[in-house]
Structure formats: structure tokens, C-alpha cells
Amino acid sequence: MPLSPQVRAALVRIVSDRWVRAASAQLETFARDALPTARSIPGIVVLPGTRDEVIRIIRLLAHHEVPFVARGAGTGLSGGALANNDAVLIALTRLNRILEVDPQNRLAVVEPGVVNARLSEAVAEFGLLYAPDPSSQTACTLGGNVAENAGGPHCLKYGVTSNHVLELEVVLPDGSVVTLGSRSGEPWGPDLVGLFVGSEGMFGIATRITVRLLPTPPSIRTLLADFDDLTTAGRAVSAIIASGIVPAALEMMDQVCIEVVEASIYAAGYPIDAAAVLLVELDGATDDQVAAEGAAIEVLLMRHGARSVRAASDAAERARLWQGRKKAFGALGRMSPDLVVQDAVVPRSALPEVLDSIRAIASHHGLRVGNVFHAGDGNLHPNIGFDRENPDEFERVEQASAAIMQVCIAAGGTITGEHGVGVDKRRYMTDVFDADTLDGMARLRQAFDVAGIANPGKVIPTHACREWTQGAGRHV
Amino acid sequence: MSDARVQQRLRAVVGASVPIEHGPGDALVVSPPDDHRTAAILETASAERWPVGVRGAGTWSSQQPNALITIDPSEMADVTYLDPSDLVVTAQAGMQWSSLRATLAEHGAWLPIDPPGERRSVGSVVATGTAGPLRCGYGAVRDHVLGATLATGDGKLMRAGSKVVKNVAGFDLVKLATGSFGAFGLITDVTFRLRAVPRADATLVARGNRDRLLQAAFAILERGANPAALELYADDPDDDWILGVRLIATDEGVQAARDTVAGAADLPFERATDGATLWRDHAAHCLEHPATLRVGVPPRALPAALDLIRHDLGPGWTSATVFPGAIRWSGASDVDRIKVFRHHAAHQEFPVTVERAPVDNLAVLGHFGAYREGVGRLIGSLRTAFDPHGIFVVPERAA
Ligand SMILES: Cc1cc2nc3c(=O)[nH]c(=O)nc-3n(C[C@H](O)[C@H](O)[C@H](O)COP(=O)(O)OP(=O)(O)OC[C@H]3O[C@@H](n4cnc5c(N)ncnc54)[C@H](O)[C@@H]3O)c2cc1C
């Protein structure tokens, strides 16, 4: 059901005409996030400029039981920020102030629209950083990171978003405002912060986020190792994990990815004849420490079949090695009109076999897959190039994606490590969770959102929940 | 319902071989051997509206007197999955923490959680979220938990999370298990993320005046150090305090950290000859008193919070995790004083959790006391969602 004129008028009264988008050309720009396979035109878009406006908007929508969808930068890869035409899309990019930096307690308080990389830039003068560093960090917002429980290369050592959020102010879908957690990270009662992080916009809107900051490591060493085959590279990853030295990051790229990066403006000097490269970053208190640990890792890599290992000689080379990695998605995106960035996790020891299977699936479906991923966490990102205007190819991409998910599940893994379920992965939820567990998720959602108006239709495959199949008819 | 009939109903649910005994008080203690039978017991209890208590190892918190049945998970005490190369383990809730630690060590693996108390069970550590000094370097209990099986108050089994180290598939039901004192379900097993056994592990200690040690701890943090533990503690807060700095890394990493500590703090640190014993003794200390409280305090507010504790609660074993900021205090279980303290702490935005106290006191105080505005309703909804008939006897709020 389209939005009533009454609700539209009330929204304009809250944020003024200037911050409402209703014309179809304007709505079109909000019809997608970074998932190329889904599209949906929202009923209307509002861009509040203050948390009070957010509260008033939610109260209005709660009163009229109108669904709403929060949106950060729209870099999500699971279709989480898409809204239907009966829903209001609430874009939070104007709430972009860093409200407080408290270097002594190593924390910062931000509005949800603050871009991830901006926070680390802003706290650098205090010798601090915000650890979770998604590859999209120059664009994505901290609100979106909280909603997706975003990760990134350095999460191997430092943990994902959920390990760094201390306190949250949340506008619940009924319009009430609650503060969860505390500045020391100690909860007031059960772990509501933990429940909210990763809730994909379905438990309410985070309007104020307090995060932990970490000291910038005084010394860093970045190594690049190359391999003749993926299996050997995968084994080297397991050997590093078992060694007791915890690298800050441990990233892998396969041959397709290396070729594409090296042919792009982000060329990083990866050997183009290699079947795989590993980027290993070590950090620590002193140069001596990282040099010693680097030497130990180097020996380990050579012993496990690396063709060569080289260390970045200076900060510029280090930045170049990382740029190749961080911009790999962009470079891959240039090999075809569209790119599906898949996301799954497998036990680290299963990486070699799973990578083999992915290669077989790609060739079976006549597709090109490039892998660039967080190897240390077993978090895969097979990227599949395609053209969405080509229905046959589109269909093959969907089939290959499904087959890749099944391989990862069969290896003891899961269907997403950081991009979330959104609309894209609902179909696989029954492959990893039984009916009672899915029903538990539906119950959890209902406790936060009785009316079911926050980002409805995402994450939970409603038909598969036990209560749902029994006809209780919850809103999820 | 008569005791005999309850016993009969229970027997029908769990089968002939499962022990059902009379525990202290009137409760029937049943020890299910697996999660399915645990869920079946809860389903029946829910249908019959029997109040249910859960027993951990019994060393940390005491049993709920007003439960009609008590579920004792001690028959579920195995490691059901261990992959030393992937560094992941699944342990059943009734397993002793020390046995888990020993099993892991045999496989070169390590779980950086050092809970207070002795002879704790896996389920108890996770349900109470009781981390120890290692929280400084490795995070809270919840940061190590990848998955858990939770039997809800209406007897459903939720298999939350997974066995891989990163996972955002669906909502994070695991967080219902950690630190909620069993309010949303009974934990039957837990999957943890592990580390390889550290290459080097050293502890430095300095003794002296509380505030001087605290300033030294801040200086260590300001140098950008990330110690595994940075713990300031005292048996008697009016006497000397001890600052324990635990460094875990490679040999080179520990050496570098020692230099940082020495450079930052002008204190006569001694290297502990037996760090393991030192920290084990530290963990055991809080059991010497009947009540234990945990207070969340940002690092720079620690002096004020320690003063407040001393003033409101009186003397007791006190231990502060300087970063990210938490104090554990063990002392007399004086309900009125604890209430006053909690009131003052709330004003300063310090969350207080009563981790343990004699049952009658706990019933009055509640683990969490009162919630912040709006939060109580949310937690109420969660409790109804996962325990529709309110059978779990968990005194989360003040009576
Ligand atoms: C090139 C590229 C690389 C990427 N690399 C990574 C990576 O390394 N790691 C990783 O984890 N992700 C990665 N992503 C995915 C994406 O950037 C993250 O999921 C990010 O967290 C999304 O942030 P956003 O601001 O774009 O959110 P959006 O896409 O706008 O929204 C995502 C979800 O968050 C919800 N939401 C947004 N703001 C709020 C709020 N304030 N309160 C409640 N809910 C809210 C929305 O409703 C939606 O469900 C990548 C994406 C791209 C395009």
C-alpha cells in the first residue's frame, strides 16, 4: 500500500521540503545498495539532520504503523537498505558528527552517519585508531557497520564491530529511546548491545554510537608471499594461525584477482604469475619485535611452500600493497558490468578444498570468479563478474552463488561472515538454522519491534520458523 | 502438585536411567544427559508452570530455594568438538572450567578467559559473563563465544552461532546466553574461539599506594601498551595495593612490552616467579566473602569509583581491571549498603551487577537491580519471548 498523503505531509513538517525525496528520478537513486541483484523503489526518502528529527519520524511512523528502513551509505552487499514502496527510507548520512573523542578512556561517541575512515583520521592525532576497517571504509557509515556487524582485514587480531561497540543510543521502532551498554563496555543487565549489533536495521535505529579506540601500533611490518597453487597457500594460513603469532591481518588473493589488480591503476606489484598471494601484517611495540616475528613468519611461509616472501620496505610500499587489496573489489568490478561480492565463512583448515570447489563451480557455470578474502578468519569473498542485462548469465550467477553457499555449509561453515543476510541470503537461512532457532530469531526481533515495522522482510525466512508454520502469524 | 507426582512426570520425560534426587531444600534435582532431554524437562515444566532453577558447579552461586526442580547439567561435561588447527572447541555446560583448560592445553590450545572463583563450570562462566583480569587484553567472555545451545523456558533448543570464527548469519542469539544469568534459557553447550598456547607469558608486580599504582597503570596505557592484564588489587583497600601486569606474546613481544612498562612507570616492578599461581590465587580470592559485585567504570573514573566502593560498601577484596574499566569487589553481603552503593553508582553511570550473594539477599537485590529507562520493558519482552511462563527462577531485578 503506497504511503498516505497525510504521512508524507507530516514528514515534510519534520524535516522540511528540502530533505524529502519523492520524485521518481530521486527515488531511483535509492533503489539499490551495493548488491547488484536486487532493486526496490522506496515510497519516500527522508534525510533527517538531527537525532530529534529521527525520533519524531519514528514516532510518526509507529503511530501510523508505516514500515521504515534505515540507510547509511548504501554500500551494503546484502540488500539490507532497500525499501519497498510502502516504506519510508530514512537516510542517516546527515547525522555525521563526531560528538566526542575521549583519548584517556580510549573511546569516541559518534552519530551514525559518520564515515568509518573519518573516525580513524579524526583520532589519529591522539595516537589512536578505530580498528574495524571494512574495505569500503572510505564510504560506509558506522551506523551501517553496527547494523551489519562489519568486519575487515584487521579484525583477525582486533575483532569485528561487535567487539568495539560500548554503548548505543537506539530509537526503538515504537519511538521510545533507550541507551544500551555503558562507556566501560559493561552492560546494564543482559547484553543488549550485543543483540543490537548485527540486527540489520530490524531492531531500531542507532542514533549515537560509543566505540572503543585502540592505540596505533608503533611498529608495523607487511609481508607479501606468493604461491604456485591455492591449496599450498591455504595450508600456509593454517600454519600461521597455529604458530601462536597472531598477525594483525592475513589476506589472500587468487590469480584472477591478482591479474585484475595488476592491470588496474591500483597495481601493487603482486607477481602476476602467482596462483595466490598472501598479505601478512604484523604489528607490535617495537621494530625489533615485528622484525623478529616477521622473520619467524617468513621461515614458516617458506617451509609451507611459498615461492618468495618480501617485506614492504617503507610506508609507501606498505600502502601500495594494501591499496591493491582494498581496491580489489573496484578492480574486479571493472572486468564486467556487474559484480557479485559473495561472502561466506569456512573453518580455516577447509580453505584449500573449498577454494578448489569454488573453482570447479565457476567453470561448471561458465563464470569467472576472483577470490580476495580474509584468509585468517576463513572468511571468503568469491567475486563473480556478470552482466545483469544478460538473463541467462544472471541465472548462472545465482546458481553458482547457491552452489558456493552449499559447499561452504558442507565444510562446516556459514553463509555470511560480514555482509549480512538482508534480502540476498534469506533463502539459505534454513540451510544453516533449524526451525526452532529461526523462531528464536523471530522472537528476538519481536521483542524489539512488536509491530514489525523496522526493515521488514529481511533476514528471517518467515515461512520456515516453527511458530510461523504453525500459523501464529508473527510480524517479522 | 505433590512431590511424588512431579517426580513421576519428570521420570516419564527423562527415562529410567537419569538421576532424579532430592536436593537441599525441597527441590528435585535432575541431571539430564543431553540437550534434548533438558529441553523436554523444560517443556514439561513450562506446561506445568514449575519454577526451575539451574545449578552450576555450585561453587559460585548458591541454589535457588524457591525452585520446584533444579536442573543440574553436570552430566553434560564433555568436549564434543575440538579442532586444534582451527582453534575452535565446543564444551558442554556442565564441564569444569579447569578440565576444559587442561584438555585444551594437551592440544596446544588456550582460551584467554580467567574467571574468578574455583571449580567453575563452563555454563556458569558464560551465563554470568564473569571474565577475569585477562579481559584487559582479550575482551569479555562474550568476545570468545562463537556459538551456544540454549534451551528456552518453553523447551525449544536454539542452536545459536556456529563453529567458525566469523559469522553474521541472522540475529546474534548467542548474546542471549552470555551474561544474562540464565534469564533467557539454559545453556547446554558453548563453542569458543581459541588461541594457540602463548609463546611467552610474564607477570610483573609492583606494590604500594593505590593512586600511585593507578597513575602508573594509566601511564602504561598512554604509552600505547596492550597488556594481557593490568589489574590493581588489594585484600584490604586500606593497606598496600598490588599492580599486576601480565604480558603475553612472543618472546620479543614480551620483551618489548616490558621495556614499555619500565619506561612508562617509575615503579619497582618485580617479575613474578610463578605467574600462574599468582593469578590462580587472585581468582580464588573473591570466594572468601559472601557477596561479589562487578562495577563497570571507565578507566579515568576508577579513583572515584574505588573511593565510592570503599565508602559505601566497606572493606573487602577489591580488584580493578584498569582497562577497559571494571571493578570486582567481594565483601559482606549487606543488602542496605549494596542498595545505597548501587544507587550512587547509577548516578555516575556505573553499571553494577551483583554476581553472587546469599540467595535470600540476591532475591531482594537482583543481579542487576533496576534497569535504565525503557530498558526494563525491553528485557521484560525478551523474558516473555524466551520463557513465556516465567519458569526460570532468575532474580535479575530487585524485588
Ligand atoms: C567495495 C565494498 C567493499 C566492502 N568491504 C567490506 C568489508 O571488508 N567488510 C564488511 O563487513 N563489509 C564490507 N562491505 C559491505 C558494507 O560496506 C558494510 O556492510 C557496511 O557496514 C554498510 O554500511 P553502510 O553505511 O553503507 O550501510 P547501508 O548499506 O546503508 O545499510 C546497511 C544496513 O544497515 C542498516 N542501517 C544503516 N544505518 C543504521 C542505523 N543507524 N541504525 C540501524 N540500522 C542501520 C540498514 O537498514 C541496512 O540494513 C563492502 C562493500 C563494498 C561495496
Side-chain angles (χ1 to χ4, degrees), chain A residues 104-105 127 149 151 159 163 176 178-179 182-191 194-195 198-199 215 218 238 241-245 284-286 288-289 292-293 345-349 377-379 412-418 420-421 429 432-434 436-437 440-441 443-447 459, chain B residues 83 85-88 139-140 142-143 152 156-160 162-173 175-176 178-180 183 195-199 224-226 250 252-253 256-257 260 294 296-300 324-326 349 351 368 371-372 374-375 378-379 381-382 385-386 396:
Chain A
Q104 290 198 317
N105 289 310
N149 191 10
N163 306 117
S176 59
V178 291
T179 302
S182 76
R183 285 163 77 99
S184 63
E186 184 65 35
W188 295 83
D191 185 7
L195 291 171
S199 60
S238 291
I241 296 295
S243 74
I245 299 177
T286 62
D288 286 351
Q289 178 195 347
E293 292 177 6
V345 191
V346 297
R348 298 173 269 214
S349 56
D377 288 321
N379 187 182
T414 191
I415 55 174
T416 168
E418 51 183 29
V421 174
M429 287 288 278
V432 275
F433 296 112
D434 60 25
D436 283 341
T437 307
M441 292 186 194
R443 295 189 202 190
L444 182 55
R445 143 86 155 154
Q446 203 180 26
V459 181
Chain B
D83 190 328
S85 58
D86 278 324
L87 293 170
V88 173
R142 46 107 84 174
D143 297 318
T152 60
K156 301 282 192 288
L157 283 176
M158 298 194 304
R159 301 194 186 277
S162 69
K163 290 183 166 52
V164 284
V165 297
K166 227 167 144 189
N167 177 17
V168 294
F171 304 136
D172 196 355
L173 294 170
K175 300 295 193 294
L176 286 172
T178 49
S180 56
R195 307 253 169 174
V197 167
R199 295 180 158 211
N226 281 316
T250 55
E252 297 81 10
T260 309
R294 178 169 82 224
V297 182
R300 296 290 167 158
E349 298 279 307
F368 306 121
Y371 295 118
R372 277 178 175 174
V375 169
L378 196 53
I379 291 170
S381 304
L382 286 168
F386 294 99
E396 16 125 28

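Remember, predicted model here, so these are calculated numbers, not experimental data.
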[X] to [Y] - nearest heavy-atom pair and separation:
X        : Y        : answer
B:Asp86  : A:Pro347 : OD2-CB, 3.1 Å
B:Arg142 : A:Asn163 : NH1-CA, 4.3 Å
A:Gln289 : B:Ala256 : OE1-CB, 3.7 Å
B:Phe386 : A:Leu444 : CZ-N, 3.8 Å

Checking [X] against chain A: side chain, backbone, both or neither under 4.5 Å from a heavy atom?
X        : value
B:Val297 : backbone
B:Thr260 : side chain
B:Arg372 : side chain
B:Phe368 : side chain
B:Ala183 : neither
B:Arg159 : both
B:Pro299 : both
B:Leu382 : both
B:Ala225 : backbone

I'd like to verify something: which residue of [options] has the highest number of heavy-atom pairs under 4.5 Å with chain A?
options                                : result
B:Gly224, B:Gly325, B:Gly374           : B:Gly224
B:Gly179, B:Ser162, B:Ala169, B:Ser381 : B:Ala169
B:Val197, B:Leu87, B:Thr250, B:Thr178  : B:Thr250
B:Pro351, B:Gly296, B:Ala196           : B:Pro351

Proximity breakdown for [X] and chain B, heavy-atom pairs closer than 4.5 Å:
X        : value
A:Asn105 : both
A:Asp191 : both
A:Pro218 : neither
A:Ser176 : side chain

Note, [X] side chain near [Y] side chain (heavy atom, < 4.5 Å):
X        : Y        : result
B:Arg199 : A:Ile245 : yes
A:Asp288 : B:Glu252 : no
B:Asn167 : A:Val345 : no
A:Ser349 : B:Asp83  : yes
A:Asp436 : B:Thr152 : no

Between [options], the one whose heavy-atom pairs under 4.5 Å with chain B are most numerous:
options                                : value
A:Ala292, A:Pro190, A:Ala447, A:Gly420 : A:Pro190
A:Gly413, A:Ser199, A:Ser182, A:Ala285 : A:Ser199
A:Thr416, A:Thr286, A:Val178           : A:Thr416
A:Gly284, A:Gly440, A:Gly189           : A:Gly189

Exercise. Sequence neighbours left out, what passes side-chain hydrogen bond (donor to acceptor under 3.5 Å, both in side chains) with B:Ser180? Give chain and number order.
Key: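 For B:Ser180, no residue satisfies side-chain hydrogen bond (donor to acceptor under 3.5 Å, both in side chains) once neighbours in sequence are set aside.
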Exercise. Taking A:Arg183 for its side chain and B:Pro298 for its backbone only, find out whether a donor-acceptor pair lies under 3.5 Å.
Key: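 Checked: no pair found.
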Exercise. Mind running side chain to side chain contact (heavy atoms under 4.5 Å, CB included) on A:Arg443 and B:Met158 for me, showing each step along the way?
Key: CA-CA 11 Å; A:Arg443 295 189 202 190; B:Met158 298 194 304; 6.0 Å; no
Self-check item: B:Arg294 with A:Glu186: basic N within carboxylate O range, under 4.0 Å
Solution: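 Here B:Arg294 pairs with A:Glu186 in a salt bridge, since their nearest N and O are under 4.0 Å apart.
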Quiz item: With B:Val165, which residues qualify under side chain to side chain contact (heavy atoms under 4.5 Å, CB included), at least two apart?
Solution: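 Side chain to side chain contact (heavy atoms under 4.5 Å, CB included) list for B:Val165, sorted by chain: A:Arg348, A:Asp377, B:Val88, B:Leu146, B:Arg193.
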